Amino acid sequence: MEARVGVVVEGSQRALNSAHGAVVDAGARKFLQQQQQHGRSPKQGLNPQIGTIQQLLAGGIAGAFSKTCTAPLARLTILFQVQGMHSDVSALTKASIWREASRIINEEGFRAFWKGNLVTIAHRLPYSSVNFYAYEHYKSLLQSILGVENQRRNSSADLCVHFVGGGLAGMTAASATYPLDLVRTRLAAQRNSIYYRGIWHAFHTICREEGFLGLYKGLGATLLGVGPSIAISFSVYESLRSYWKLQRPNDSTIMVSLACGSLSGIASSTATFPIDLVRRRMQLEGAAGRARVYKTGLVGAFRHIIQSEGLCGLYRGILPEYYKVVPGVGIVFMTYETLKMLLSRIPTTY
């Protein structure tokens, strides 16, 4: 999910990927506020003030760069997740990252590790933009409903606004950009036989063969995973950061953010991975003219996987998912901070 990395630069606001993401959805806003609350000037250190458009640009580029660097692991995750969907489960060999990586190199070529990555990059900026502005709208609305817009500080209300607003913004952004996510999955899941020859061909083929709603297969599972992903990432990140600061108050804020963000990402991945796996499989329903496998909805898909593959079937591909969390967090954080420093030198009027 997109939520697994975003919590680092969100600075305890929300962790949304999701779904599936937003890696750095509006990351500067809360992180910068946190630094200012500690008495730091916005022009000092690694946290210079930047405008809204620059925040989106820095977040979008950092997210795209991180996704590109971890794309081989992401594709391995998808390939493992969809194993057993159209194959005889008893004939499947034990998942091996090295064996599958070798197969990709030998049969598809080294560049095949980045299948679907162009769609991922195209997905980043609109997702971040929708998430950013939707969050601001929902935050204002919730503050108005709770009557806290004119209060200086209210921890309980702030928590409610950040959590609920972040969840609603994540669901809005996921819905608005979902067709890109589905196309990315279908491109990445292709092996030797190529059915979709590119992004536009995939869009055209899906609409022609499955109808416009075919672009939204699996959306229910995606939206279902947004809440748990945010809740787990948010709570684990906050708990770890608070404990760390209590035990080692002099440690670097950056080191604490990276460590807590990575651990919260792993916790979120573990808890929400079954939903993510079902989402991927439902995205591939009817792809390339194949017959549908899961005909009874989300609950039926879970039941079918457990009956045919066991509980372990819900965690196919979890290892490459774990492996990409820490580098993904580090790349996003450092790229975002570097871009923020560079963009802060550009005069802005917004």
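Only this structure's heavy atoms are used, side chains among them; waters, hydrogens and symmetry mates stay out. Note that the structure is a prediction, hence the values are computed from the model and not measured.
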Return the set of residues passing side chain to side chain contact (heavy atoms under 4.5 Å, CB included) with [X] (not counting sequence neighbours), or none when no residue passes.
X      : value
Asn192 : Arg103, Glu107, Glu108
Ser102 : Trp98, Asn106
Ile306 : Leu311, Leu314
Val326 : Ser262

*asked:* I'd like to know if Asp181 and Arg280 make a salt bridge, using a cut-off of under 4.0 Å between side-chain N and carboxylate O.
replied: yes
Grab the two heavy atoms, one from [X] and one from [Y], that are nearest each other, plus how far apart they are.
X      : Y      : value
Leu73  : Pro320 : O-CB, 3.7 Å
His201 : Tyr195 : CE1-O, 3.2 Å
Ala188 : Lys115 : CB-O, 3.6 Å

Between the main-chain N or O of [Y] and the side-chain N or O of [X], is there a donor-acceptor pair closer than 3.5 Å?
X      : Y      : result
Ser268 : Ser264 : no
Tyr178 : Lys217 : yes
Tyr315 : Thr270 : yes
Gln283 : Arg186 : no
Ser235 : Ile232 : yes
Ser344 : Met341 : yes

*For residues 274-303, pull every pair meeting ring-ring contact (aromatic ring centres under 6.0 Å, His included), keeping only residues two or more places apart or in separate chains.*
Tyr294-His304
*Members besides Trp244 in its Ile/Leu/Val/Met/Phe/Trp/Tyr cluster (side-chain heavy atoms under 4.5 Å)*: Met255, Val256
*Under the side-chain hydrogen bond (donor to acceptor under 3.5 Å, both in side chains) test, which residues partner Thr335, sequence neighbours left out?*
none
_With Thr68 via side-chain hydrogen bond (donor to acceptor under 3.5 Å, both in side chains) - residues at least two apart_ = Asn117
_Worked check of side chain to side chain contact (heavy atoms under 4.5 Å, CB included) between Ile206 and Phe212_ = CA-CA 8 Å; Ile206 293 169; Phe212 179 75; over 6 Å; no
*With sequence neighbours left out, which residue pairs that include part of residues 187-199 fulfil the salt bridge (charged side-chain N to carboxylate O under 4.0 Å, His left out) condition?*
Glu100-Arg191
_Test salt bridge (charged side-chain N to carboxylate O under 4.0 Å, His left out) applied to Arg281 - qualifying residues, sequence neighbours left out_ = Glu309
*Partners passing salt bridge (charged side-chain N to carboxylate O under 4.0 Å, His left out) against Arg248 (at least two apart in sequence or in another chain)*: Asp251
*Can you list the steps and then say if Glu285 with Arg292 is a salt bridge (charged side-chain N to carboxylate O under 4.0 Å, His left out)?*
CA-CA 5 Å; Glu285 281 280 76; Arg292 292 184 59 188; 3.7 Å; yes
*asked:* Parallel, tilted or perpendicular, judged at 30° and 60°: which one describes the rings of His162 and Tyr135?
replied: parallel
*Contacts of type ring pair (Phe, Tyr, Trp, His ring centres under 6.0 Å), residue Phe113, not counting sequence neighbours*: Phe110
